[in-house]
Amino acid sequence: MSLNTKTSPATNQAAGQEEKGKAGNVKKAEEEEEIDIDLTAPETEKAALAIQGKFRRFQKRKKDPSS
């Protein structure tokens, strides 16, 4: 493990903040991207029912951990 002695901690913090800003821009771009899912497709309905069932079981176990 080597320490970088050429840069000050303040410089390292500024670089970290800059990286966070870049990550925020990428996240915004992903949010703006429109995803087209056919909600009437049988596969989508099947997947939704499976997810809902697993979530309901999770909630039940969370409420009553003995079962």
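The first residue of the sequence shown is numbered 1, and numbering continues consecutively from there. Since this is a predicted model, take the numbers as computed values, not measurements.
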Checklist entry - Looking at CD of Glu45 and CG of Leu49, how far apart are the two atoms once the value is rounded to the nearest 0.5 Å? => result 5.5 Å
Checklist entry - For Thr44 and Asp38, which heavy atoms make the closest approach, and how far apart are they? => result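 Nearest heavy atoms, Thr44 then Asp38: OG1-O, 2.9 Å.
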Next on the checklist: Which residue is it: Arg61, Arg56, Lys62? I am looking for the one with a side-chain contact (heavy atoms from CB on, under 4.5 Å) to Phe58.
Outcome noted: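 Among Arg61, Arg56, Lys62, the one meeting side-chain contact (heavy atoms from CB on, under 4.5 Å) with Phe58 is Lys62.
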